[in-house]
There are 2 protein chains.
Amino acid sequence: MNVRTLCLSILHEGDATGYEIRRLCVDGECSYFIEASFGSIYPALARLESEGLVSSRTEQQDGKPTKKVYSITPAGRDAFVQELSEPLGEETFRSPFLLFARFAHLLPRDLVEARANEFLRERSERNKIVTAAKATSMNACDAWVINYGRAMMGVAEEYLRAHMHELIALARAEPNKDAAE
Amino acid sequence: MNVRTLCLSILHEGDATGYEIRRLCVDGECSYFIEASFGSIYPALARLESEGLVSSRTEQQDGKPTKKVYSITPAGRDAFVQELSEPLGEETFRSPFLLFARFAHLLPRDLVEARANEFLRERSERNKIVTAAKATSMNACDAWVINYGRAMMGVAEEYLRAHMHELIALARAEPNKDAAE
DNA sequence: ACTTGCATGTAAGTGGTTACATGATTGG
DNA sequence: CCAATCATGTAACCACTTACATGCAAGT
């Protein structure tokens, strides 16, 4: 599941610019399971256009740079459905935080606490995005996916809030804490 | 959080061969949030050895190929703790299945059903691994991470079992189903 | 004055995957 | 007899990231 297919999926739901596609990947309701940067989106869009799967028009705006709005073509829709029919790529979940957490006992408490708080903040932000998504202006499939996200993000935040202090307690006590006393 | 650090983390817990490291990434308790293939593990190990962060010895076995067992060095332990102290990389979660699910309404019911079952099977397999992990021979930090995994894998499987039929129902009915009747 | 948001794009670099090469043993 | 498991490694390839290049407007 590459950036190319990702772009097609977003354009299938409606017209967008490269910039907007990227924003959806960062702030959108589905941002918890998709990812793409400018450096991959723009070339993907250009390639898609050269293949006739999307078309573009430039739109002037006052006070803002000219933008290039992409639309999916009928051929693009076909290609997208075709792509979805092929074997799915593997689910990818990589967590630097969990790897870090496994070795909390080696690390200073301050650091573990900072990282745990950081992680909680990120998780609850994602949770907020997915929880805030309203059922209006959303088809049933999207709602299904959002609800899956809500369930997952929900327990993640819950588990963290309930148990992060345990992890912090397992970290190494600062050596010069009582020395200062 | 690259393969290099991953190898260091595994060797920190005990000696291992490249082959064993890969098995841990596929079947281990932490396989749900780490990933690495042979093509990245072997070069990483070689580089680590050239840097003096790990050492190796070859061990003959009868009926099996000779293996190369790696051990972490004191310098390796230091480097690992150092690495963990630096800013963590981003959490990565990419789900081809969820992208697929968003467009279930475009796809034939058979396909959606097959993919959903496949996904459930994979999820419950991962769930089994993390649930089966016993608290004995595990430090408290590892247990914390495993419990996080249990919570997450648990709801994933639960949600799927409870709601996958809804997703399947949203898929397109086969065109020649009643035609055959 | 500086940063942020809007907006598009390229080029270099990298961190990985996939496929290949090799080979013995065990189990179905 | 074929597939899988054990075991190590290389080489080609690729998708994506990061940094760069550009520039205007609005807010702090």
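By convention in this document, chain letters (A, B, ...) are assigned in the order of the sequence lines, proteins followed by strands, and residues within each chain are numbered from 1. None of these values were measured; they are calculated from a predicted model.
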**Q** Nearest whole angstrom, please: distance from the P of C:dG15 to the CG of B:L45.
**A**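 One finds 17 Å between P of C:dG15 and CG of B:L45, rounded.
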
**Q** OP1 or OP2 of D:dT17 less than 4.0 angstrom from a side-chain nitrogen or oxygen of A:S40, does that happen here?
**A**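 For D:dT17, OP1 or OP2 has a side-chain N or O of A:S40 closer than 4.0 Å.
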
**Q** How bent is the helix from C:dA1-D:dT28 to C:dG28-D:dC1, comparing axes over its five end pairs at each side, to the nearest 10°?
**A**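 One end's axis against the other's: 40°.
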
**Q** Take the protein atom CD of B:E20 and the nucleotide atom P of D:dT5, then report the distance between them rounded to whole Å.
**A**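 After rounding, the reported distance stands at 16 Å.
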
**Q** Side-chain contact, heavy-atom cut-off 4.5 Å: B:M138 with B:E29?
**A**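 Side-chain contact under 4.5 Å: yes.
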
**Q** May I ask you to evaluate whether B:Y19 reaches the phosphate of D:dT8, defined as a side-chain N or O under 4.0 Å from OP1 or OP2?
**A**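 For D:dT8, neither OP1 nor OP2 has a side-chain N or O of B:Y19 closer than 4.0 Å.
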
**Q** With a sphere of 6.0 Å drawn around CD of B:E59, does it hold more than 12 non-hydrogen atoms of other residues, nucleotides or ligands?
**A**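 Correct, the count exceeds 12.
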
**Q** Taking the six-membered ring of A:Y32 (Phe, Tyr or Trp), confirm whether the NZ or CZ of A:R126 is under 6.0 Å from its centre and within 45° of its axis.
**A**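 Relative to the ring axis of A:Y32, which defines the angle, A:R126 lies outside at least one limit.
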
**Q** Indicate yes or no: at least one non-hydrogen side-chain atom of A:Y42 is less than 4.5 angstrom from one of A:Y19.
**A**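 Yes - at least one pair of side-chain heavy atoms lies under 4.5 Å apart.
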
**Q** Measure the distance from CD1 on B:I41 to P on D:dG9 and round it to the nearest whole Å.
**A**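 That distance rounds to 12 Å.
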
**Q** In whole angstrom, what separates A:I34's CD1 from D:dC16's P?
**A**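 After rounding, the reported distance stands at 13 Å.
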
**Q** Can a donor-acceptor pair be found between the side chains of B:S124 and B:N127 at a distance below 3.5 Å?
**A**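 Looking only at side-chain atoms, B:N127 and B:S124 do not form any donor-acceptor pair under 3.5 Å.
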
**Q** Nearest 0.5 angstrom please: A:E83 CD to A:R4 CZ, how far?
**A**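 So the gap between those two atoms works out to 5.5 Å.
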
**Q** Specify the separation, in whole Å, of atom CD of B:E59 and atom P of D:dC6.
**A**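 Taking CD of B:E59 and P of D:dC6, I get 16 Å after rounding.
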
**Q** State whether A:R94 and B:E90 are salt-bridged, where the test is any N-O pair (Lys NZ or Arg NE/NH1/NH2 against Asp/Glu carboxylate O) under 4.0 Å.
**A**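 Judged by the 4.0 Å cut-off on N to carboxylate O distance, A:R94 and B:E90 do not form a salt bridge.
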
**Q** Roughly, in whole Å, what's the span from NZ in B:K67 to C1' in C:dT25?
**A**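 Rounding to the nearest Å, NZ of B:K67 and C1' of C:dT25 are 16 Å apart.
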
**Q** Please work out which residues in residues 75-84 of chain B have a non-hydrogen atom less than 4.0 Å from an atom of DNA chain C and list them by number.
**A**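 Going residue by residue through residues 75-84 of chain B, none turns out to have a heavy atom under 4.0 Å of DNA chain C.
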
**Q** Looking at A:Q61, does any N or O in its side chain come under 4.0 Å of the phosphate oxygens OP1/OP2 on C:dA7?
**A**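 It does, given that an N or O in the side chain of A:Q61 lies less than 4.0 Å from OP1 or OP2 of C:dA7.
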
**Q** If I take atom CG from residue A:D142 and atom CG from residue B:L98, how far apart are they, to the nearest 0.5 angstrom?
**A**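 Taking CG in A:D142 and CG in B:L98, the distance rounds to 11.0 Å.
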
**Q** Quick one: do the A:T131 and A:R150 side chains pair a donor with an acceptor below 3.5 Å?
**A**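 On atom types as modelled, these side chains do not qualify, holding no pair under 3.5 Å.
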
**Q** Measure the distance from OH on B:Y70 to P on D:dT8 and round it to the nearest whole Å.
**A**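 In whole Å, D:dT8 P lies 8 Å from B:Y70 OH.
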
**Q** So which one's nearest nucleotide on DNA chain C is more toward 5', A:T66 or B:K64?
**A**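 Final value for this comparison: A:T66.
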
**Q** Within the 4.5 Å heavy-atom criterion, are B:L6 and B:E35 side-chain neighbours or not?
**A**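 The answer is no; the side chains never approach within 4.5 Å.
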
**Q** On DNA chain D, nearest-nucleotide positions of A:V3 versus A:P65: which is more 5'?
**A**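 The answer here is A:V3.
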
**Q** Can you tell me if B:S37 touches the phosphate of C:dT17, counting only side-chain N or O atoms and a distance under 4.0 Å to OP1 or OP2?
**A**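 Indeed, a polar side-chain atom of B:S37 lies that close.
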
**Q** Regarding A:E35, tell me which of base, sugar-phosphate or nothing describes its non-hydrogen contacts under 4.0 Å with the strands shown.
**A**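 Nothing, no heavy atom under 4.0 Å.
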
**Q** How do B:K68 and A:M1 order along DNA chain D: which one's closest nucleotide is nearer the 5' end?
**A**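 The residue closer to the strand's 5' end, by nearest nucleotide, is B:K68.
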
**Q** I need the CZ-P distance between B:F38 and C:dT18, as an integer number of Å.
**A**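 The answer, rounded to whole Å, is 13 Å.
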
